[in-house]
Amino acid sequence: NSIVQIDAQPFKQWYLKKYGVDLGKKVKGEKKGEEKAKEGEEPEKKSRYVIAKLKARAAKQKLEPLIEDQFQSGRLLAAIASRPGQSGCCDGYVLEAEELLFYKKKLEKKHKKA
């Protein structure tokens with residue numbers, strides 16, 4: 001496996017659409033951001049069913065603090081799981097939990113030595 005940094009923006013957009021929660025913003029700044037969005041442009045219209053669905057999903061969603069920090073920085077650590085070959089495509093996954101903690105510690109040690 002190779003560990004790489006990837007852009008978090010596509011994941012932020014998906015998370016916003018799925019859960020209605022904007023990642024990468026701090027809790028204190030989130031209220032101010034909502035007020036500015038209301039002043040500048042109209043909020044997106046949603047049906048009662050969609051609002052109820054988003055509330056149910058938001059109640060169940062829980063994100064680890066390490067992953068939240070990565071979203072705020074705009075970069076996610078991911079592992080490439082596919083083998084090198086002739087196809088030219090790359091498959092992988094975003095690191096979570098113990099695996100993320102392990103590789104973060106490794107990267108910090110590597111940066112301290114350099």
Side-chain angles (χ1 to χ4, degrees):
N1 288 355
S2 296
I3 304 302
V4 294
Q5 282 188 338
I6 57 173
D7 185 30
Q9 193 60 34
F11 297 98
K12 285 182 185 181
Q13 291 171 350
W14 175 83
Y15 206 84
L16 178 63
K17 194 167 195 162
K18 176 89 174 170
Y19 294 103
V21 177
D22 195 8
L23 295 174
K25 290 187 178 181
K26 295 184 180 180
V27 177
K28 294 179 183 176
E30 191 173 349
K31 293 178 183 174
K32 293 177 184 176
E34 288 175 359
E35 291 172 4
K36 290 180 183 177
K38 289 179 183 175
E39 292 173 10
E41 56 189 57
E42 293 182 27
E44 187 178 329
K45 293 183 181 179
K46 297 176 184 173
S47 66
R48 280 183 268 139
Y49 174 74
V50 171
I51 293 171
K53 188 165 59 170
L54 288 175
K55 282 184 182 179
R57 286 179 181 167
K60 293 178 185 177
Q61 69 93 16
K62 186 179 179 190
L63 205 59
E64 295 179 14
L66 283 174
I67 295 178
E68 277 189 53
D69 292 340
Q70 287 187 333
F71 274 112
Q72 287 179 357
S73 69
R75 294 273 165 200
L76 295 173
L77 286 177
I80 296 176
S82 60
R83 293 181 173 174
Q86 301 298 318
S87 65
C89 68
C90 177
D91 295 327
Y93 56 93
V94 176
L95 296 179
E96 298 177 303
E98 292 89 27
E99 196 173 13
L100 174 62
L101 190 60
F102 174 77
Y103 284 113
K104 266 193 125 95
K105 285 180 183 177
K106 274 207 168 234
L107 286 172
E108 286 174 7
K109 284 182 184 178
K110 191 173 187 179
H111 287 297
K112 285 182 182 178
K113 288 182 180 178

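These numbers come from the heavy atoms of this one structure, side chains and all, not from hydrogens, waters or symmetry mates.
Nearest heavy atoms, Gly20 versus Leu54: N-CD2, 3.8 Å. Heavy-atom minimum distance, Cys89 versus Ser82: O-OG, 4.1 Å. Here the closest heavy-atom approach between residue Asp7 and residue Arg75 is recorded as N-NH1, 3.6 Å.
Here Glu99 pairs with Tyr93 under the side-chain hydrogen bond (donor to acceptor under 3.5 Å, both in side chains) rule; sequence neighbours left out. Every residue two or more places apart in sequence or in another chain that forms a ring pair (Phe, Tyr, Trp, His ring centres under 6.0 Å) with Tyr15 is listed here: Tyr19. For Ser2, the side-chain contact (heavy atoms from CB on, under 4.5 Å) test picks out Ile80, with sequence neighbours left out. For Gln13, the side-chain contact (heavy atoms from CB on, under 4.5 Å) partners are Gln9, not counting sequence neighbours. For Glu64, the side-chain contact (heavy atoms from CB on, under 4.5 Å) partners two or more places apart in sequence, or in a different chain, are Ile67, Ala97.
Here CG of Leu76 is found 9.0 Å from CD of Gln5. Values are rounded to the nearest 0.5 Å. Going from atom CD1 of Ile3 over to atom CG of Leu95 covers 4.5 Å, rounded to the nearest 0.5 Å. Rounding to the nearest 0.5 Å places CD of Glu96 at 10.5 Å from CD of Glu98. In this structure, CZ on Phe11 lies 4.0 Å from CD1 on Ile6, to the nearest 0.5 angstrom.
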Sequence neighbours excluded and cut-off under 3.5 Å, please list the side-chain donor-acceptor pairs for residues 100-112, or say none.
none

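Val21 is not connected to Leu16 by any chain of hydrophobic side-chain contacts under 4.5 Å among Ile, Leu, Val, Met, Phe, Trp and Tyr, and they are in different clusters.
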